[in-house]
Every structure is written in structure tokens, then in C-alpha cells.
There are 2 protein chains.
Amino acid sequence: MARVGLTPERLTRAGAELADEIGFDQVSVSALARRFGVQVASLYSHVKSSHDLHSRIAVLALGEMADRGAEAVAGRAGRDALIALAGVYRDYAREHPGRYAAAQYRVEPGSAAVEVGRRHSELSRAVLRGYELGEPAQTDAIRLLGSVFHGYVSLELGGSFDHSSPSGSDSWPRVLDALDVLLRNWPERQPQ
Amino acid sequence: MARVGLTPERLTRAGAELADEIGFDQVSVSALARRFGVQVASLYSHVKSSHDLHSRIAVLALGEMADRGAEAVAGRAGRDALIALAGVYRDYAREHPGRYAAAQYRVEPGSAAVEVGRRHSELSRAVLRGYELGEPAQTDAIRLLGSVFHGYVSLELGGSFDHSSPSGSDSWPRVLDALDVLLRNWPERQPQ
DNA sequence: CCGTTTGCCTAAGATCTTTAGGTATGTACA
DNA sequence: TGTACATACCTAAAGATCTTAGGCAAACGG
């Protein structure tokens with residue numbers, strides 16, 4: 001009966017920690033209840049469902065990454081900004097693999113998700129301010145940056161780079177250098 | 001009692017189809033048994049566990065993609081090969097979203113998984129034959145290609161490009177053009 | 001035709017999700 | 001200070017999934 005003080009926010013934060021410890025898809029309402037020393041059904045006053053819990057963790061993770069990203073691009077431009085923002089994603093994924101997996105969770109386009117998604121686009125757009133790109137090149141470049149950041153980090157975290165050298169950490173700065181070169185020589189006119 | 005003729009292979013194929021229909025993480029031993037009109041426990045003679053089933057579907061998907069990739073790069077070089085291989089991944093993901101999700105499934109580094117992973121590296125390496133890159137640039141470029149292919153396709157499939165224009169299909173060829181430009185101007189020396 | 005293999009079965013325990021309704025705790029107000 | 005209300009957490013229960021153990025009968029080899 002002792003009241004534990006559950007709230008949606010505390011459950012979400014604890015769920016995120018749990019995700020980092022045991023993996024996002026091992027996070028369950030049951031496991032979370034166990035962690036709080038509380039009956040499973042009690043959580044359903046605070047989260048609507050297992051899906052709701054997972055969605056909240058996803059939005060939390062996306063928000064945390066966006067916060068770090070904003071901090072990283074502030075006062076930086078061009079190549080420095082590119083490297084800083086890229087580092088945010090990679091470091092976050094390595095520090096918080098469960099949360100990073102959560103950020104991939106397919107959350108229905110309701111409010112929070114779309115808005116935090118836009119924050120991430122804006123971060124890439126801010127980096128591109130240092131490279132003069134018109135439209136549609138700018139949007140294309142935003143998507144390329146997002147693809148490389150997410151793709152590289154996913155593959156590395158998934159172990160795809162484990163069975164060859166150099167290490168993922170060695171390639172990373174050179175890949176970013178290459179991206180920097182590309183952004184400075186973006187083909188605005190049809191190259192064919 | 002009528003024997004249905006279950007085998008690990010048939011279960012895996014049916015599981016892959018099911019994944020495309022209802023989503024990879026909705027694929028369960030139970031759902032598969034239902035589809036075969038068979039008791040759940042019967043499947044356990046053919047697959048070791050739910051995890052085993054999912055892993056088999058993952059390896060199947062990776063293998064199918066590698067087959068298509070090999071077909072695509074055969075007889076093509078440079079930019080043509082790049083566009084063809086990239087199209088393989090994107091088209092496969094759009095035709096078979098469940099299988100594509102399966103290919104991301106974290107499968108422990110046992111035999112088949114590592115080997116099929118290497119096939120994918122080799123495809124990128126084949127594309128790079130058209131661009132003269134030494135080491136470590138070549139490995140870096142392989143990783144960049146993998147990152148862009150996987151990242152772009154994941155983000156597009158996840159709906160990240162839905163709320164802005166141009167469409168994901170419009171950006172795609174221009175992103176590939178940019179990649180082609182980058183591969184032809186890869187910074188082999190430290191650019192700083 | 002018989003024996004062996006094995007494919008699919010029933011049965012059962014464990015875990016997770018979710019809903020319905022009850023109890024007691026903390027708060028607000030007289 | 002006592003009482004009434006809101007609600008935080010509870011018990012109970014049904015349904016789904018995963019997994020193991022052991023049984024029956026169909027297919028196959030001799």
C-alpha cells in the first residue's frame with residue numbers, strides 16, 4: 001500500500017534505463033512493475049498500454065538526442081558543426097543503446113513524434129548553413145546526413161564493422177571528412 | 001494427423017511472408033502455426049525457439065538481398081553499378097518491409113550471419129572497383145555506402161520523409177548522384 | 001508385413017498484457 | 001480535528017504467447 005509515486009514521466013525514465021540495461025524490446029510493463037516493486041496492473045493507471053510505454057520511451061530518447069544536438073551545433077559552423085552533431089548521435093547510441101533502439105520505434109504520427117522529428121531535421125539544416133546549398137539540394141543533403149548518421153551508427157552498433165579493420169571508430173572521422181568534402185562540392189546541376 | 005510437411009525452410013519462408021503482411025515483430029510461433037493450421041508445439045520440432053525462427057527469417061532476407069545485389073552489379077560499373085545496387089536495397093525494402101526489418105534483427109555471430117554480411121560488403125566493394133580507392137579509403141567508402149543505403153531506406157520506410165517535400169523518391173537519385181561525385185573525389189589525404 | 005523413425009498431437013507451466021472492481025491513503029474542506 | 005472525496009495501488013481473472021514433456025499414428029526401410 002505504501003505509495004511509490006508513479007507517474008508517466010517516472011515510468012518513462014525508468015523504462016529508458018531498463019532499455020539500456022536489458023535491451024529495448026525486453027522492456028515490458030511487467031519488468032517495469034518489478035523494478036518499482038509494484039503490481040503489474042498498477043502501471044495501467046499511468047500508461048495506456050505496452051505500446052504507449054514504448055512510444056513514450058521513444059519520444060524521450062529522440063528528445064534527449066535533439067537536446068544534445070542543439071547544444072552541439074550552438075556556436076559551431078561548417079565542418080566543426082558537422083563533426084559535433086555526428087558525434088552526438090554516435091555517442092548517444094553507444095552510451096544508451098536501448099534508448100537509441102527505442103528512437104527507431106515506429107510511433108504513429110501523433111503530435112510529439114512529428115515535432116521532435118522536425119527538431120532533428122532542423123539540426124541538420126543548421127549544420128548546412130555553413131555550406132551554401134539551395135533547394136532542393138539542401139533537403140537532399142539533410143536526408144543524406146540523417147541517413148549517414150543513422151545508418152553508420154546502426155550498423156556499427158549491430159556489429160557490422162566488427163569483423164574487419166579498421167575499427168568503426170577509425171573510419172568515422174574519415175567518413176565525416178568525406179561528407180564535408182561532398183557538402184562543399186555538392187552537384188547542384190545535373191551531373192549527366 | 002494429416003501431415004502438413006513442415007520443414008525449417010518452409011517455416012522460414014512462411015515467416016518471411018507473414019512478416020511482410022503483419023510486420024516482423026508480430027511474427028510469432030503461434031501466428032505461424034495458425035497459418036499452417038497446426039498446433040503451436042508442432043513447430044518446435046523444426047525451429048528451436050522464437051528467436052531461432054526470427055534469426056532464420058533474418059538470414060533469409062539478407063541472403064535474398066545479396067542475391068539481388070549480385071545480379072545488379074554484374075556487368076555494371078561506376079555510377080551505373082552504384083545506382084543499381086542502391087536500388088536493390090531500396091526496392092527490396094519497399095516490396096518486403098517485414099523482411100527488411102528482419103534483416104536488422106540482431107543475430108548472434110554464428111556462421112551464416114557473418115558470411116552473408118560479408119557478401120554485402122563484397123557488393124559494395126565491387127561497386128567501388130569503378131572508383132579507384134586505396135586502403136583505408138576503400139573500407140571507409142564501403143561503410144559509407146552501407147550507411148547511406150541502410151540509413152536512407154530505414155528513414156524513408158519509417159516515414160521520416162513523409163512530412164516534407166520533395167518525396168523520398170525524388171531525393172534518392174540526387175543523393176546517389178552526390179555519392180557518385182564524392183566517390184570520384186574521395187579525400188585520400190588528410191584534408192586539414 | 002513389421003519395426004523404426006519421426007511428424008504432429010495433447011497437456012501443462014511460465015510469463016506477459018489488459019480489464020474490472022476493491023481498498024486504503026493522502027488531501028481538502030468544514 | 002474529523003470527514004469526504006479523489007486516486008494510487010491492490011486483487012482477481014481472462015487471453016495470448018513461449019516452451020517442454022510425453023504420446024499416437026503415419027511414413028518408410030527392410
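A note on names: the letters A, B, ... follow the listed sequences, proteins ahead of strands, and every chain is numbered from 1. What you see below is based on every heavy atom in this structure, not just the backbone, and it leaves out hydrogens, waters and symmetry mates. Because the structure is predicted, anything quoted here is derived from the model rather than measured.
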With respect to Tyr89(B), which candidate in His150(B), Arg68(B), His120(B) satisfies the side chain to side chain donor-acceptor pair (under 3.5 Å) definition? His120(B)

Side-chain ion pair, Glu188(A) and Arg174(B), N-O less than 4.0 Å: no

Atom CZ of Arg3(B) to atom C1' of dG7(C): distance rounded to whole Å? 4 Å

Answer yes or no for Arg143(A) and Phe161(B): cation-pi contact, defined as NZ/CZ to six-membered ring centre under 6.0 Å and angle to ring axis within 45°. yes

Treat primed atoms plus P, OP1 and OP2 as sugar-phosphate and everything else as base, then score nucleotides 14-19 of chain C 5' to 3': B for base contact with protein heavy atoms under 4.0 Å, S for sugar-phosphate contact only, - for none. --SBBB

Phosphate OP1/OP2 of dC9(D) contacted by His46(A) side-chain N/O (<4.0 Å): yes

Please give, in whole Å, the distance from dC9(D) P to Leu6(A) CG? 4 Å

Same cluster (ILVMFWY, side-chain, under 4.5 Å), Val59(A) and Tyr100(A): no

Scan side-chain atoms only and decide if Glu135(B) and Thr139(B) contain a donor-acceptor pair under the 3.5 Å cut-off. yes

Is the number of heavy atoms from other residues, nucleotides or ligands within 6.0 Å of CZ (Arg118(A)) greater than 12? no

Quick check for you: among dG7(C), dC9(D), dC9(C), whose closest atom lies nearest to any side-chain atom of Ser42(B)? dC9(C)

Okay, side chain of Asp20(A), backbone of Arg99(A): is any donor-acceptor separation there less than 3.5 Å? yes

In whole angstrom, what separates Gln39(A)'s CD from dC9(D)'s C1'? 9 Å

Residues in contact with DNA chain D, drawn from residues 15-24 of chain A - heavy-atom cutoff 4.0 Å: none

Within 6.0 Å of CD in Glu132(A), more than 12 heavy atoms from elsewhere: no

